[in-house]
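Notes follow the structure.
Quantities reported herein were computed from a predicted structural model and do not represent experimental measurements.
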Amino acid sequence: MAKSNVGKKPISEEEYTTNKVLTVFSICLLGVLVLMILQRLLDYGNTWATGMLVSKILLGIGVLGAICGVVLLVREISGKRSTARRILCGRNVLIASIVLVLAMAAIMYLGTGPIKLLYVVLPVLAVYYLVYHSYAREFFLIAVDTGVGVGMMWLIRRALDSASYGWMAYAVLGAAVVLTIVQLICVATLRRKSGKTASRGKKGSTQFSRNAYTMLTITPVLMAVLVAAVLFAPAHILIAMGVAAAYLFITAVYYTVKLM
């Protein structure tokens, strides 16, 4: 009997995006579970040596993964390997390996402190990845602005509680102001270019919606104001974070309704 020459059906763009999001969520979940086990090993004296050994093994895996990622990336750049709708590509392997190396190096030199931070960072990265692929581009930027703002509020609070790093609180506020000014300039530039493109009868190149420029102007200003409020009224940090969370929730509901 003759064999069929019909090949496999190529994966669609929607399926590819779904697979990428599921892969990222699975890796982040696996990372959290590994970190939980590693923290339990490092928290007790009789298992501390085992925990350090596991950290070194994971560090070695990360280094080997980074080398493999570089090799794959070189092959892909040279055209010897296709990256079309391929999750296991050089860039992804290299990024995941670098994150693993940095995390294990921080744990080996600083102890279990970085593990608590990674408990938050890994799920947040997974959620941001989902938002990037599922929502409008401006909502992703709004979510990033809000996340950075909340992070700055937390840093200011920690700096003010420290006797030696109080100056860092003012440095964080300065960084918030600089980032706000840079984003406002970028938004104004994009709006001006979009207006010129529209006046010439050409389709705009940005993927922003009609109200995007207004939202991208309001969000950084609001976050900078909340960061300043935490600096000058640190006792109200929970209120400031609550306002930021409520703003993000309302915006998320708005963009979710637009997807329907």
- Message: Classify the ring geometry of Tyr170 against Phe232: parallel below 30°, tilted from 30° to 60°, perpendicular beyond 60°.
- Response: perpendicular
- Query: Between Glu76 and Gly90, is there a donor-acceptor pair closer than 3.5 Å when you use the side chain of the first and the backbone of the second?
  - Reply: yes
- Task: Determine whether Leu231 and Val243 fall in the same hydrophobic cluster, where Ile, Leu, Val, Met, Phe, Trp and Tyr are linked whenever their side-chain heavy atoms lie under 4.5 Å apart.
- Result: yes
- Query: Is there side-chain contact between Phe139 and Met215, with at least one heavy-atom pair below 4.5 Å?
  - Reply: no
- Query: In Å and rounded to the nearest 0.5 Å, what is the CG to CG distance from Leu73 to Asn92?
  - Reply: 10.0 Å
- Item | Rounded distance [0.5 Å steps], CG in Leu226 versus CD1 in Ile237 | 11.0 Å
- Message: Treating Tyr128 as the side-chain partner and Ala143 as the backbone partner, does any N or O pair qualify as donor plus acceptor under 3.5 Å?
- Response: yes
- Which atom names give the shortest non-hydrogen contact between Ser55 and Met108, and what distance separates them? CB-CG, 3.8 Å
- Could you state the interatomic distance from CD1 (Ile156) to CG (Leu173), rounded to the nearest 0.5 Å? 6.0 Å
- Mind listing the closest non-hydrogen atom pair of Val101 and Val63 along with its distance? CG2-N, 3.6 Å
- Task: Look at the side-chain heavy atoms of Ile, Leu, Val, Met, Phe, Trp and Tyr, link any pair under 4.5 Å apart, and say whether Tyr135 and Tyr254 land in one connected group.
- Result: yes
- Is the backbone of Val131 close enough, under 3.5 Å, to the side chain of Ser134 for a donor and an acceptor to pair up by distance? no
- Please test Thr112 against Ile107 for side chain to side chain contact (heavy atoms under 4.5 Å, CB included), starting from the C-alpha separation and ending with a verdict. CA-CA 6 Å; Thr112 57; Ile107 292 171; 5.8 Å; no
- Does His133 NE2 have over 12 foreign heavy atoms under 6.0 Å away? yes
- Message: So, taking the atom named CZ in Phe140 and the one named CG in Leu130, what distance separates them when rounded to the nearest 0.5 Å?
- Response: 11.0 Å
- Item | Pair Met104-Val54, side chain to side chain contact (heavy atoms under 4.5 Å, CB included): steps then yes or no | CA-CA 9 Å; Met104 290 304 108; Val54 172; over 6 Å; no
- For Met241 and Trp154 the tightest heavy-atom approach is CE-N, 3.9 Å
- Query: Hey, does Thr219 have a side-chain heavy atom less than 4.5 Å from the side chain of Thr251?
  - Reply: no
- Under the side chain to side chain contact (heavy atoms under 4.5 Å, CB included) rule, what do Arg40 and Thr47 come out as? Steps first, then yes or no, please. CA-CA 8 Å; Arg40 289 188 63 86; Thr47 58; over 6 Å; no
- Report yes if the side chains of Gln39 and Lys116 come closer than 4.5 Å at any heavy-atom pair, otherwise no. yes
- Message: Count I, L, V, M, F, W, Y as connected when their side-chain heavy atoms are under 4.5 Å apart, and connections chain through other members. Are Val21 and Tyr132 then in the same cluster?
- Response: no
- Task: Can you measure from OG (Ser97) to CG (Leu59) and round to the nearest 0.5 angstrom?
- Result: 11.0 Å
- Task: Look only at the side chain of Glu138 and the backbone of Tyr213, and say whether a donor-acceptor pair between them is shorter than 3.5 Å.
- Result: no
- Task: Give the cluster check for Val172 versus Val120: same hydrophobic cluster or not, with ILVMFWY residues linked at side-chain heavy-atom distances below 4.5 Å.
- Result: yes
- Note on the structure: Minimal heavy-atom distance between Ala224 and Thr180, with the atoms involved, is CB-OG1, 3.5 Å
- Item | Interatomic distance, Leu64 atom CG to Leu100 atom CG [nearest 0.5 angstrom] | 10.5 Å
- Message: Quick check on the hydrophobic clustering: are Leu38 and Trp48 connected, directly or via other members, by side-chain heavy-atom contacts under 4.5 Å?
- Response: yes
- Task: Kindly say whether Glu15 contributes a backbone atom to a donor-acceptor pair with the side chain of Asn19 at under 3.5 angstrom?
- Result: yes
- Could you give me the CA-CA distance, side-chain angles and deciding distance for Ile37 and Leu33, then say whether side chain to side chain contact (heavy atoms under 4.5 Å, CB included) is met? CA-CA 6 Å; Ile37 296 173; Leu33 293 176; 5.6 Å; no
- Task: Evaluate the side-chain proximity of Val148 to Met223: yes if any heavy-atom separation is below 4.5 Å, no if none is.
- Result: no
- Task: Identify the heavy atoms of Ala176 and Met152 that sit nearest to each other, and give their distance.
- Result: CB-SD, 3.5 Å
- Which atom of Gly51 lies closest to which atom of Leu41, heavy atoms considered: CA-CB, 3.7 Å
